[in-house]
Amino acid sequence: MQNPPDYRHDTVLPLPMEVTADGWAVDAACSGNPGPMEYQCIDLATGAQVFHFGPVHGTNNIGEFLAIVHALALLEKQGNGTKTIYSDSYNAILWVNKKKCKTTLERTPQTEYLYQVVARAEHWLNTHSFRNPLIKWETKKWGEVPADFGRK
């Protein structure tokens, strides 16, 4: 497959036609669960990393949740209510829509910092509204999300 395919003139990435290049892809990675967790966001038009966070002690689901909220907050700061956010985590999308991180991670001195970051994210969700489309990345149809850390 060409990178990008010759029918795509809006991106440097090999995106499927169903995926808009006016979007960001987010993903998290965790070594162990819980373990060192990090997340990132990739611009689908340029392939550039928009942001990266971690590693901190946590879980993959928390990272997926925080990545979406981080992207939404950054887009709001930029005044962009139209850019699509793609995540391969059904749970994280659900948690964002419910404005609550439903983690079962034990709260300990090692996880306290992450719990404070989660509380800030939940507070942001409860005090802001967003219009950006939040779309489930269909890994089975489209392959790995472009923000994937490639560690599987």
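All residue numbers in this chain count up from 1 along the given sequence.
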Applying a strict under-4.5 Å side-chain criterion to I, L, V, M, F, W and Y, I'd like to know whether [X] and [Y] cluster together.
{"X": "V145", "Y": "V26", "answer": "no"}
{"X": "W24", "Y": "V19", "answer": "no"}
{"X": "L125", "Y": "I135", "answer": "no"}
{"X": "I93", "Y": "L75", "answer": "yes"}
{"X": "I85", "Y": "L15", "answer": "no"}

Tell me, do [X] and [Y] make a side-chain contact under 4.5 Å, heavy atoms counted?
{"X": "M37", "Y": "V56", "value": "yes"}
{"X": "N61", "Y": "S89", "value": "yes"}
{"X": "D43", "Y": "K83", "value": "yes"}
{"X": "N60", "Y": "E64", "value": "yes"}
{"X": "N97", "Y": "L134", "value": "yes"}

What are the two closest non-hydrogen atoms of [X] and [Y], and how far apart are they?
{"X": "C30", "Y": "G32", "result": "SG-O, 2.9 Å"}
{"X": "G58", "Y": "L105", "result": "CA-CD2, 4.1 Å"}
{"X": "A25", "Y": "A147", "result": "O-CB, 3.3 Å"}

Exercise. Please list, chain by chain and in numerical order, all residues satisfying salt bridge (charged side-chain N to carboxylate O under 4.0 Å, His left out) with K99, sequence neighbours excluded.
Key: none

Quiz item: Quick one: salt bridge (charged side-chain N to carboxylate O under 4.0 Å, His left out) partners of E76, sequence neighbours excluded?
Solution: none

Quiz item: Is atom NE2 of H128 surrounded by more than 12 heavy atoms (other residues, nucleotides or ligands) closer than 6.0 Å?
Solution: yes

Self-check item: Neighbour count above 12 (heavy atom, 6.0 Å) for Q78 CD
Solution: yes

Quiz item: Are any side-chain N or O atoms of T111 and backbone N or O atoms of L114, one a donor and one an acceptor, separated by less than 3.5 Å?
Solution: no

Quiz item: Just by distance, do the side chain of N132 and the backbone of N80 share a donor-acceptor pair under 3.5 Å?
Solution: yes

Once you round to the nearest 0.5 Å, how far does [atom1] of [X] lie from [atom2] of [Y]?
{"X": "H52", "Y": "I42", "atom1": "NE2", "atom2": "CD1", "result": "9.5 Å"}
{"X": "Q110", "Y": "Y115", "atom1": "CD", "atom2": "OH", "result": "12.5 Å"}
{"X": "F53", "Y": "C41", "atom1": "CZ", "atom2": "SG", "result": "14.5 Å"}
{"X": "D27", "Y": "E38", "atom1": "CG", "atom2": "CD", "result": "10.0 Å"}
{"X": "E122", "Y": "K98", "atom1": "CD", "atom2": "NZ", "result": "13.5 Å"}
{"X": "L94", "Y": "K102", "atom1": "CG", "atom2": "NZ", "result": "9.5 Å"}

Exercise. Take L44 and T20, measure what side-chain contact (heavy atoms from CB on, under 4.5 Å) needs, and give me the verdict at the end.
Key: CA-CA 8 Å; L44 295 180; T20 178; 6.0 Å; no

Quiz prompt | side-chain contact (heavy atoms from CB on, under 4.5 Å) between E18 and E138, intermediate numbers included | solution = CA-CA 10 Å; E18 306 97 311; E138 298 296 340; over 6 Å; no

Quiz item: Does the side-chain contact (heavy atoms from CB on, under 4.5 Å) test come out yes or no for T84 and D22, once each step is laid out?
Solution: CA-CA 7 Å; T84 301; D22 184 25; over 6 Å; no

Quiz item: Where do T139 and E144 land on the side-chain contact (heavy atoms from CB on, under 4.5 Å) test, with the steps shown first?
Solution: CA-CA 5 Å; T139 307; E144 288 297 340; 4.1 Å; yes

Quiz item: ring pair (Phe, Tyr, Trp, His ring centres under 6.0 Å): which pairs involve residues 64-101, sequence neighbours left out?
Solution: Y39-H70, F51-H70, Y86-W137

